[in-house]
Amino acid sequence: MSKLLVTGGAGFIGSNFVHHVMAHTDDQVVVLDKLTYAGNLASLEGLPENRYEFVKGDICDRELVDDLVSKVDTVVHFAAESHNDNSLNNPEPFITTNLYGTFSLLEAVRAHDKRYHHISTDEVYGDLELDDPDKFHETTPYKPSSPYSSSKAGSDHLVRAWARSFGVRATISNCSNNYGPRQHVEKFIPRQVTNVIDGIRPKLYGQGLNVRDWIHVDDHNSAVLRILEAGEIGETYLIGANGEKDNKTVIELILSEMGQPADAYDHVNDRPGHDMRYAIDSTKLRTELGWQPKYNNFETGLAATIEWYRANEGWWRPQKAAVEAKYAAQGQ
Ligand code: NAD
Ligand code: TDX
C-alpha cells in the first residue's frame with residue numbers, strides 16, 4: 001500500500017483516476033485541487049473516507065505543496081489549465097499553473113526524494129498532416145502550437161531537467177484526447193452531447209476535418225497506474241488506443257446515437273492555429289509494460305458517455321449556460 005498525492009483530482013481525468021485507484025488498489029489518496037471553474041467536488045462523491053482526503057489549495061503554494069509532499073510516497077500530477085480555447089483568450093493562468101505549478105511540485109519532490117509522475121499531452125508534439133503515415137513517438141521533436149500546449153511542453157522539459165540534474169525519480173506520460181464521464185462541458189464531446197440534450201445544434205469548428213486520437217479516460221488511467229507500478233524511472237510513455245476520428249465523424253456519431261439526423265449541426269468559427277491531426281504510437285507502453293486498452297470500440301464508449309450525461313444532468317447543468325454564452329461571444 002502506498003500514499004498518493006493526486007493534484008487536480010477534482011478535474012475530469014484526475015477524479016476518474018481517484019475512483020480507479022480506489023477500485024483497483026489499496027492505496028491511500030490525498031487530492032490537492034484549487035477548485036477552479038474546472039474542478040468539481042461532486043466528481044469525488046462516494047469515496048471511502050478512510051482512504052481519501054481532500055485539500056483545497058493551489059499547486060503554486062510552495063509551502064502547502066512542500067508540506068503535503070512530505071507526507072506521501074508518490075505524487076501524480078494532473079492539475080493544469082487544460083482548455084486550448086481558454087488559453088487563446090487568456091494565456092496567463094496557463095503559464096502560472098502549468099509551468100510555475102510544476103516547478104513548485106518538482107522542488108518539493110526533490111527536497112523530500114519522492115516518486116513523481118507527470119501527466120502530459122500529445123499536443124506537445126504539434127500536429128500531423130492528415131495523410132502522414134507516421135504517428136507521434138516518444139522521440140518525436142516538440143513543436144507545440146497553442147499557449148496551452150506550449151505550457152505543457154515547458155512543464156515536460158522542467159521534469160526532464162529535474163530528473164537529470166537533481167536525480168528526481170520521475171516518469172512522464174503523454175496521452176491523446178480523453179473522453180468519458182465527468183468531463184467539463186466546455187470540451188468537444190460533452191459540449192455536443194449536452195447541446196443535443198438541450199435542443200441546441202452541435203457546433204463544429206471549421207470543416208471538422210481535424211483528427212483526434214480518442215481514448216477512454218479509464219484506459220488512460222489504467223496506463224498511469226501501470227507506469228506507477230512498473231515504469232522505468234526517467235522514461236516517457238505515450239498513451240493511446242488507436243482511436244483516430246475526425247471531428248465531423250464524431251458529431252455525426254453523437255447525433256445518430258441520440259436519434260437526430262446526421263447533418264443537424266452548425267459550422268462555426270475555426271480555432272486560431274487549430275492543430276490538424278494527433279495520432280499516438282503506444283508500442284513502448286504495450287511491449288515494455290504489457291498495457292492494453294479495454295475500450296476498443298469508440299461507439300460503445302461514446303454511447304455509455306452519452307448515457308452518463310443524460311443521467312447526471314445535475315453535475316453539468318450549473319456550468320452549461322455560461323459556457324455557451326462564452327462560445328457564442330466568439331462566434332463558436
Ligand atoms: P480539467 O481541466 O478537467 O481538470 C483540471 C483540474 O486541475 C481541476 O480540478 C482544477 O480545479 C485543477 N487545477 C487547476 N489549476 C490548479 C492549481 N493552480 N492548483 C491546484 N489545482 C488546480 O483537466 P483534465 O482534462 O482532467 O486534464 C488533466 C491533466 O491531463 C492535465 O495535465 C492535462 O494537460 C492532461 N491531459 C488531458 C487530456 C484530455 O483529453 N483532457 C489529454 C492528455 C493529457
Ligand atoms: O465546440 C467545439 N467544436 C469543435 O469542433 C469544441 C469545443 C471543439 N471542437 C474541436 C476542436 C478540436 O479539434 O474538437 C476537437 C477537440 O477539442 P477539445 O475538446 O477542445 O480538445 P483539444 O483541443 O483537442 O485538447 C484536448 O485533448 C488534449 C484536451 O482539452 C487537452 O487538455 C488535451 O491535452
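Just follow the structure's listing: the first ligand is 1, and inside any ligand the first atom is 1.
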Run the salt-bridge test on E186 and K326 with the 4.0 Å N-O cut-off and return the result as yes or no.
-> no

Please report which non-hydrogen protein atom sits nearest to atom 3 (O) of ligand 1, along with the residue it belongs to and the distance in Å to one decimal place.
-> F12 N, 3.0 Å

Donor-acceptor side-chain pairing of D213 and S176 below 3.5 angstrom = no

Pairing of D58 and K34 as salt bridge, 4.0 angstrom limit = yes

Closest to atom 34 (O) of ligand 2 (heavy atoms only, candidates Y148, Y179, Y265) is Y148

For ligand 2, does E123 get within less than 4.0 Å through its side chain, its backbone, both, or neither, judged by non-hydrogen atoms?
-> side chain

Could you find the nearest protein heavy atom to atom 20 (C) of ligand 1 and give me its residue, atom name and distance?
-> K34 N, 3.2 Å

Pick whichever of V217, I13, I215 has a heavy atom sitting closest to atom 39 (C) of ligand 1.
-> I13

Could you tell me whether E186 and ligand 1 have an N or O pair separated by under 3.5 Å?
-> no

Would you please say whether a donor-acceptor pair under 3.5 Å links the side chains of N84 and E123?
-> yes

Run the salt-bridge test on D85 and R271 with the 4.0 Å N-O cut-off and return the result as yes or no.
-> yes

Is a side-chain donor-acceptor pair under 3.5 Å present for S43 with W315?
-> yes

Is D113 salt-bridged to R169, cutoff N-O under 4.0 Å?
-> yes

In this structure, atom 5 (C) of ligand 1 is nearest to the protein heavy atom A80 O, 3.5 Å

Could an N or O of ligand 2 be found under 3.5 Å from any N or O of N84, whether backbone or side chain?
-> yes

re atom 30 (O) of ligand 2, the protein heavy-atom contact at minimum distance is K187 CE, 3.1 Å

Based purely on interatomic distance, does Y205 place a nitrogen or oxygen under 3.5 Å from a nitrogen or oxygen of ligand 2?
-> yes

Contact check: E186 vs ligand 2, nitrogen or oxygen atoms, below 3.5 angstrom | no

Can you check whether D85 has an N/O within less than 3.5 Å of an N/O in ligand 2?
-> no

Does a side chain donor of either S222 or H20 reach within less than 3.5 Å of an acceptor in the other side chain?
-> no

Among all protein heavy atoms, pick the one closest to atom 35 (C) of ligand 1 and tell me residue, atom and distance.
-> I119 CG2, 3.8 Å

For ligand 2, is K152 a contact, meaning one of its heavy atoms is under 4.0 Å away?
-> no

Using the rule that two of Ile, Leu, Val, Met, Phe, Trp, Tyr join whenever any of their side-chain heavy atoms come within less than 4.5 Å, decide whether W316 and L302 are in one cluster.
-> yes

Do any heavy atoms of G9 fall under 4.0 Å from ligand 1?
-> no

Is K152 in polar range of ligand 1, meaning some N or O pair under 3.5 Å apart?
-> yes

Closest non-hydrogen protein atom to atom 8 (C) of ligand 1, residue and atom name please, with distance?
-> D33 OD2, 3.6 Å

Ignoring hydrogens and angles, tell me if any N or O in the side chain of K245 forms a donor-acceptor pair with the backbone of W214 under 3.5 Å.
-> no

Does ligand 1 have an atom that lies less than 4.0 angstrom from a heavy atom of Y148?
-> yes

To atom 23 (O) of ligand 2, the nearest of H274, H83, R271 on a heavy-atom basis is R271

Cationic tip of K143 within the cone over Y125's six-membered ring, i.e. under 6.0 Å and within 45° of the normal?
-> no

Atom indices of ligand 1, in the order listed, that fall short of 4.0 Å to a heavy atom of G39 = 8 (C), 9 (O), 11 (O)

Considering only the protein, which heavy-atom contact is closest to atom 29 (C) of ligand 2, and what is its distance?
-> S82 O, 4.0 Å

Going by an N to O cut-off under 4.0 Å, is there a salt bridge joining E244 and R212?
-> no

Report yes or no: does G57 have a heavy atom closer than 4.0 Å to ligand 1?
-> yes

For atom 1 (O) of ligand 2, the closest protein heavy atom turns out to be R191 NH1, 2.7 Å

Quick one: does Q192 get a heavy atom under 4.0 Å from ligand 2?
-> yes

If we ignore angles and hydrogens, is there a donor and acceptor under 3.5 Å between the side chains of H267 and D270?
-> no

When rounded to the nearest 0.5 angstrom, what distance separates CD in Q28 from OG1 in T25?
-> 9.0 Å

Using distance alone, determine whether S82 and ligand 1 share an N or O pair under 3.5 Å.
-> yes

Verify the distance criterion only: is there a donor paired with an acceptor across the side chains of H118 and S155 at less than 3.5 Å?
-> yes

No-hydrogen, no-angle side-chain donor-acceptor test under 3.5 Å, D156 and S120 | yes

The closest protein heavy-atom partner of atom 43 (C) of ligand 1 is C175 O, 3.3 Å

Taking both backbone and side-chain atoms of T36, is any N or O found less than 3.5 Å from an N or O belonging to ligand 1?
-> yes

Backbone or side chain, does any N or O of Y327 fall under 3.5 Å from an N or O of ligand 2?
-> no

Does G101 come within less than 4.0 angstrom of ligand 1, counting non-hydrogen atoms of the residue?
-> no

Just need the protein heavy atom nearest to atom 29 (C) of ligand 1, so name the residue and atom and give the distance.
-> F78 O, 3.1 Å

Output yes when the distance from some N or O of ligand 2 to some N or O of K203 is under 3.5 Å, and no in every other case.
-> yes

For ligand 1, find out whether one of its N or O atoms is nearer than 3.5 Å to an N or O atom of G11.
-> yes

So, F298 versus Y179, ring centres under 6.0 angstrom or not?
-> yes

Should D122 be counted as touching ligand 2, given the test is an N or O pair under 3.5 Å?
-> no

Which residue supplies the protein heavy atom nearest to atom 10 (C) of ligand 2, what is that atom called, and how far is it?
-> N247 ND2, 3.4 Å

Between F188 and ligand 2, is there a nitrogen or oxygen pair with a distance under 3.5 Å?
-> yes

Consider every N or O of H220 and every N or O of ligand 1, then say whether any pair is closer than 3.5 Å.
-> no

For ligand 1, find out whether one of its N or O atoms is nearer than 3.5 Å to an N or O atom of K187.
-> no

Please say whether N177 places an N or O atom under 3.5 Å from an N or O atom belonging to ligand 2.
-> yes

Close N or O approach (I59, ligand 1; < 3.5 Å) | yes

NZ/NE/NH1/NH2 to OD/OE distance under 4.0 Å, R317 and D198 | yes

Separation of I197 CD1 from R310 CZ (nearest 0.5 Å) | 6.0 Å

Pair H112, S70: side-chain N/O donor-acceptor within cut-off below 3.5 Å = no

Could you tell me the separation between the OG atom of S87 and the CD atom of E81, rounded to the nearest 0.5 Å?
-> 9.5 Å

Look only at interatomic distance and state if N40 has a nitrogen or oxygen under 3.5 Å from any nitrogen or oxygen of ligand 1.
-> no

So, D266 and R201, do they make that salt bridge, N to O below 4.0 Å?
-> yes

With a 3.5 Å cut-off and no angle check, do the side chains of Y52 and D27 form a donor-acceptor pair?
-> no

Would you say S176 contacts ligand 1, with heavy atoms under 4.0 Å as the rule?
-> yes

Quick one: nearest non-hydrogen protein atom to atom 44 (C) of ligand 1, plus distance?
-> S120 O, 3.1 Å

